[in-house]
There are 2 protein chains.
Amino acid sequence: MAEDCMKLHNHDRVVDEVRDQLPEDTDLFDLAEFYKVFGDSTRIKILYVLFESEMCVGGIAQLLSMTMSAISHQLRVLKGARLVKQRREGKTVFYSLADDHVRTIIEMGMEHISE
Amino acid sequence: MAEDCMKLHNHDRVVDEVRDQLPEDTDLFDLAEFYKVFGDSTRIKILYVLFESEMCVGGIAQLLSMTMSAISHQLRVLKGARLVKQRREGKTVFYSLADDHVRTIIEMGMEHISE
DNA sequence: ATAACAGTTGAACAACTATTCAACTGTTGG
DNA sequence: CCAACAGTTGAATAGTTGTTCAACTGTTAT
């Protein structure tokens with residue numbers, strides 16, 4: 001007699017049950033896209049900077065010792081994820097956190113890795 | 001007189017202040033690495049499956065219509081991030097969530113994108 | 001011992017992504 | 001209007017990453 005994992009553990013039934021509980025495929029995809037935004041140290045650094053204070057692109061660039069172009073590109077990604085917002089004052093553009101949600105998410109991660 | 005952003009907004013002082021508040025560079029890097037793990041829809045799907053029930057590699061593969069090899073590769077990443085743990089039973093290896101931390105982090109993200 | 005099964009692993013390839021560079025927009029002061 | 005500054009953008013490049021494939025380990029039943 002065949003002792004497959006399938007037959008031993010009754011896969012087909014369990015698999016069907018679990019499948020019903022899963023969120024929509026598009027939601028799972030969107031969630032991964034969202035977390036991708038946190039998956040880059042430059043963006044993480046920018047977010048941490050904005051935790052402390054709103055700041056213009058040049059200021060962030062100076063702080064992180066990077067070009068304004070590089071920072072601007074990443075700010076665009078952060079804005080796309082609705083994590084930051086911008087405010088223009090003359091030639092300068094100030095960026096700040098869109099909401100406090102971000103803080104919680106990042107603190108959650110920090111907790112996990114420092115265990 | 002030069003009306004630089006620098007001089008107008010007193011960058012150097014603010015920048016220095018904020019720099020002191022930032023976590024270690026290595027911590028910020030590790031945090032980004034951690035979030036990278038959530039930044040893939042296959043891994044997100046696997047985590048959601050394990051929310052419902054512990055499951056073997058073949059079961060997950062069947063559920064997600066993917067090869068065992070692909071799943072095994074991703075489980076390795078998840079294990080590396082200490083998000084899942086394994087348990088052997090004969091030829092079968094069962095995976096499950098390492099702790100409930102993961103649930104909170106993922107729910108946090110879901111909240112943000114469904115706003 | 002050996003065959004069959006469950007899972008792992010490393011190399012290779014394709015797809016994606018972060019930074020750089022140069023050219024651009026928009027704003028302000030002269 | 002023009003020059004200078006702050007920031008943005010698109011193309012190009014280098015580095016990273018997910019899946020596939022084939023070969024491998026480890027376990028169990030005969």
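Quick caveat, the model's predicted, so the values are computed rather than measured.
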Over how many whole Å does the gap from L78(B) atom CG to dT8(C) atom P extend?
12 Å
Report the relative orientation of the aromatic rings in Y35(A) and F38(A); use parallel for angles under 30°, tilted for 30 to 60°, perpendicular for over 60°.
tilted
Is there a side-chain contact (heavy atoms from CB on, under 4.5 Å) between E115(B) and H101(A) once you walk through the steps?
CA-CA 11 Å; E115(B) 263 174 10; H101(A) 226 129; 3.2 Å; yes
Report the distance from atom CD1 of I71(A) to atom P of dT9(D), rounded to the nearest whole Å.
15 Å
Short side-chain N/O contact from Y95(A) to OP1 or OP2 of dT8(D), under 4.0 Å:
yes
Rounded to the nearest Å, what distance is computed from the CG atom of residue L75(A) to the P atom of nucleotide dG7(D)?
10 Å
Salt bridge K45(A)-D25(B), side-chain N to carboxylate O under 4.0 Å
yes
Tell me whether the side-chain N/O atoms of Q86(A) come closer than 4.0 Å to OP1 or OP2 in dT8(D).
yes
Whole Å only: how far is the CD atom of Q62(B) from the C1' atom of dG7(C)?
16 Å
Would you call R103(A) and I106(A) a side-chain contact if the rule is heavy atoms closer than 4.5 Å?
no
Side chain of R88(A) (C-beta onward), nearest among dT9(D), dG26(D), dT27(C)
dT27(C)
Do I46(A) and Y95(A) pass the side-chain contact (heavy atoms from CB on, under 4.5 Å) test, and can you show the C-alpha distance, the side-chain angles, and the key distance before you say yes or no?
CA-CA 10 Å; I46(A) 293 176; Y95(A) 280 86; over 6 Å; no
Just by protein heavy atoms under 4.0 Å, how would nucleotides 16-21 of chain D read 5' to 3' in B, S and -?
-SSBBB
side-chain hydrogen bond (donor to acceptor under 3.5 Å, both in side chains) against R87(B), all qualifying residues, sequence neighbours excluded
E54(B), E89(B)
Rounded to whole Å, how long is the line connecting atom CD1 of I44(A) with atom P of dT17(C)?
16 Å
Gap between atoms CE and C1', on M68(B) and dT8(C) respectively (whole Å):
9 Å
From CD of E89(A) across to P of dT28(C) the rounded distance in Å is 10 Å
Between NZ of K91(A) and C1' of dA6(D) the distance, given in whole Å, is 7 Å
For E24(B), does the CD atom have more than 12 heavy-atom neighbours from other residues, nucleotides or ligands under 6.0 Å away?
no
